[in-house]
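Here the structure is a predicted model, which is why all the values come from computation and not from measurement.
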Amino acid sequence: MTTLLGRALRSLCALGLVGVAAAACHPHSCPASEPFCNDPNMGSIWLFAYNAQETDDLLAKLRAQKGLIAVAYTVGSDGRKMLQIIEQCQVTGNYHYERTPTTDLSLAMHSEDEAKLMLPVSYGAFSAAFKQSSTVEIKYRSPGSFFASDDAVSISGDCSQATHVIGSLSVGAYETHIASAQGVSANAGAAGQNLGGVNSSDSSEQKVSAGDFNACESGDSSLAGAPEQCAQPLRIKLREIKKLDQNVEACNDDAFMVQGHGYAFDGKVFTIMSDQLGKLDSSARVHFACDESLIDAEADAVTEVMSFLDQNPSVKAHISVRCNTASMMAIPPLLTPSPDLHANALRGLVGKYVSAGKVTIDSCYVPGSTGVFIELTAGCKEGSVAPGQLACMAAK
């Protein structure tokens, strides 16, 4: 009989079911070194009623697109799980949004023990409700998720406290309903209302309802609009930092930092400007990047930069052709500035790298310096430039 009961419980646990069997599924306490212990979702964390400031910070970081979001996911001495963004830890990469069929689902919790399993970092927000023998139901709607790139990453800054990066983040809107033991139900209230519980990370304001279900019908979760409409973080999945595929190329190559080759290099960006080209060809014009064709000195410089990519197979780069209209007009005669055509000429020179996905190119008129900027966007173990940092527009 004991064996049959044990098999039955193991079957329930394997299915990730919670409720009556939850305690039997997870009989052991969690050591601080294993934050996923007793977590039926293995790192898939619901953020309902999570700290309002932290969720807003997540949205801001997604908008900025300056790398993957590093976090500390830990277990305190009291067994409470805590999630915290580690601002000073930089991990290269980016997130892309994938639209899915809009889903309407709900979670129902009948005790604080169930809440601890289902909402490991925010169950404290509902403590008051469970003390009143109530049932908490969270209804949510999600049109899609953001997913981290799979490229190898470079890690820099102070990451000593970081344990994971956010691998995916589902967004949408949600409403919380409280049902009393007598069956009376009520909406938990507008975004920002606090049920009297204490958040697992601090006691800041919590959102027990957020967003607008109707806004999710359009499927616009590009984060271009207000975050409270249909971009409220609902659920995240984490990747352990120590298991990430890290870049191994050493990009601080002294051989390419020597002056006199038509470019300058600081370990992250190759800069080709007229003063550099002038060392090879005295006729190089200040506004060379506004011309539709390449001069030999520039072609030689770009070819040498491409040899750097040949030597470092995992490195990727973005080329920005920048034409300063002010300097262009100050040095006539140049009647038809053509940074776009100049970029096309470069595409012809580096076509095989573009086709291989190692190089992207854009062009623009800018108020700053005229020149060609080749930023290393991935592959350097010392850290790379965030995609699009110097680009005329975000690199695709």
Nearest non-hydrogen partners of E54 and I85, listed with the distance:
OE1-N, 3.5 Å

Which is it for L47 and L234 under the side-chain contact (heavy atoms from CB on, under 4.5 Å) test, yes or no, and what are the steps along the way?
CA-CA 5 Å; L47 297 180; L234 303 178; over 6 Å; no

Only counting residues at least two apart or in another chain, list the ones meeting side-chain contact (heavy atoms from CB on, under 4.5 Å) with S293.
none

Heavy-atom closest pair (C216 atom, R99 atom, distance to 0.1 Å) is O-NH2, 4.3 Å

Applying the side-chain hydrogen bond (donor to acceptor under 3.5 Å, both in side chains) test to Q53, which of N51, D56, D57 qualifies?
D57

Would you kindly say whether Q259 and Q276 are connected by a side-chain donor-acceptor distance under 3.5 Å?
yes

From the options Y50, F213, Y140, F48, select the one residue that forms a ring pair (Phe, Tyr, Trp, His ring centres under 6.0 Å) with Y174.
F48

Report yes or no: do S363 and D340 form a side-chain donor-acceptor pair below 3.5 Å?
yes

Output for pair (E112 CD, L119 CG), nearest 0.5 Å, gives 11.0 Å

Check: I138 and M109 side chains under 4.5 Å, non-hydrogen atoms:
yes

Does the side chain of C251 come within less than 4.5 Å of K268's, by heavy atoms?
no

Assess the residue pair I166 and L58 against the criterion (side-chain contact (heavy atoms from CB on, under 4.5 Å)); give the C-alpha distance rounded to whole Å, side-chain angles, the decisive distance to 0.1 Å, and a yes or no.
CA-CA 10 Å; I166 293 179; L58 287 178; 3.5 Å; yes

Side chains of K81 and T74: does their closest heavy-atom pair fall under 4.5 Å?
no

Are K61 and E87 ion-paired here, with the side-chain N under 4.0 Å from a carboxylate O?
yes

Between D281 and S283, a side-chain donor and acceptor under 3.5 Å:
yes

Would you say the side chain of I319 lies within less than 4.5 Å of the side chain of T360, judging by non-hydrogen atoms?
no

How many angstroms lie between atom CG of D254 and atom CG of N252, to the nearest 0.5 angstrom?
8.0 Å

Tell me if a side-chain donor or acceptor on D275 pairs with a main-chain N or O of L277 at a distance below 3.5 Å.
no

Ignoring hydrogens and geometry beyond distance, is a side-chain donor-acceptor pair present between R141 and T102 at under 3.5 Å?
no

Check: T303 and L349 side chains under 4.5 Å, non-hydrogen atoms
yes

Between atom OG of S274 and atom CD1 of I295, what is the distance when rounded to the nearest 0.5 Å?
9.5 Å

Let me see the working for F270 and F308 under ring pair (Phe, Tyr, Trp, His ring centres under 6.0 Å), right down to the final yes or no.
CA-CA 10 Å; F270 288 89; F308 176 90; 5.4 Å; yes

Is the charged tip of R322 near the ring of F373: under 6.0 Å from the six-membered ring centre and within 45° of its axis?
yes

Stepwise side-chain hydrogen bond (donor to acceptor under 3.5 Å, both in side chains) test for D113 and S111
CA-CA 5 Å; D113 285 340; S111 70; 5.0 Å; no

Is it true that the side chains of E240 and H164 contain a donor and an acceptor less than 3.5 Å apart?
no

Could you check whether any side-chain heavy atom of I361 comes within less than 4.5 Å of a side-chain heavy atom of V350, counting everything from C-beta outward?
yes

Can you confirm whether D296 is buried at CG, in the sense that more than 12 heavy atoms of other residues, nucleotides or ligands lie under 6.0 Å from that atom?
no

Decide disulfide bond (SG atoms under 2.5 Å apart) for C323 and C364; before the verdict, give the C-alpha distance in whole Å, the side-chain angles of both, and the deciding distance to 0.1 Å.
CA-CA 6 Å; C323 176; C364 60; over 6 Å; no

Closest approach of P339 to Y365 (non-hydrogen atoms, all atoms of both residues)
CD-OH, 3.5 Å

Short question: side chain of E114, backbone of H110 - any donor-acceptor pair under 3.5 Å?
yes

For side-chain contact (heavy atoms from CB on, under 4.5 Å), just list the numbers for L107 and E137, CA-CA rounded to whole Å, side-chain angles, deciding distance to a tenth of an Å, and then say yes or no.
CA-CA 6 Å; L107 295 178; E137 182 182 21; over 6 Å; no

Hey, does the side chain of Q246 reach the backbone of L244 with a donor-acceptor pair shorter than 3.5 angstrom?
no

Any donor-acceptor N/O pair, T370 side chain to H287 backbone, under 3.5 Å
no

May I ask you to decide if G278's main-chain N or O and S282's side chain share a donor-acceptor pair within less than 3.5 Å?
no

Indicate yes or no for a side-chain donor-acceptor contact from T100 to the backbone of P143 under 3.5 Å, with no hydrogens or angles considered.
yes

State, without any angle test, whether Y353 and D310 hold a side-chain donor-acceptor pair at a distance under 3.5 Å.
yes

Step-by-step side-chain contact (heavy atoms from CB on, under 4.5 Å) determination, D362 to H318:
CA-CA 8 Å; D362 68 2; H318 181 76; 3.2 Å; yes

Please find the pair of heavy atoms, one from Q90 and one from G157, that lie closest to each other, and give the distance.
OE1-CA, 3.6 Å

Tell me if the aromatic rings of Y97 and F147 count as close, with their centers under 6.0 Å from one another.
no

Beyond-backbone contact of L59 with P233, side-chain heavy atoms, under 4.5 angstrom:
yes

May I ask you to say whether R285 pairs ionically with D291, meaning some side-chain N is under 4.0 Å from a carboxylate O?
yes

Would you check if the side chain of S355 reaches a backbone N or O of K352 as a donor-acceptor pair within less than 3.5 Å?
no

Can you hop from L376 to M306 via hydrophobic side chains spaced under 4.5 Å?
yes

Report whether L341 and V321 are members of the same hydrophobic cluster (ILVMFWY, side-chain heavy atoms less than 4.5 Å apart, transitive linking).
no

What are the two closest heavy atoms between A301 and I272, and how far apart are they?
CB-CD1, 4.1 Å

Shared hydrophobic cluster for V153 and I86 (ILVMFWY, side-chain gaps under 4.5 Å)
no

If you take all heavy atoms of A317 and T377, which pair is closest and at what distance?
N-OG1, 3.9 Å

If hydrophobic clusters are built from ILVMFWY residues whose side chains come within less than 4.5 Å, do L280 and V302 share one?
no

Would you confirm whether K358, through its side chain, and V315, through its main-chain N or O, come within 3.5 Å as a donor-acceptor pair?
yes

Cystine candidate C159-C89, SG separation under 2.5 Å:
yes

Could you state the interatomic distance from CD1 (I155) to CG (N247), rounded to the nearest 0.5 Å?
9.5 Å

Looking at NZ of K237 and OG of S168, how far apart are the two atoms once the value is rounded to the nearest 0.5 Å?
5.5 Å

If we ignore hydrogens and angles and just use 3.5 Å, is the side chain of D212 paired with the main-chain N or O of N214 as donor and acceptor?
yes

Between R239 and D150, does at least one N-O distance fall below 4.0 Å, as a salt bridge requires?
yes

To the nearest 0.5 Å, what is the distance between OH on Y73 and CG on L83?
7.5 Å

Between L346 and L294, is any pair of side-chain heavy atoms under 4.5 Å apart?
yes

Aromatic ring centroids of Y123 and W46 under 6.0 Å?
no

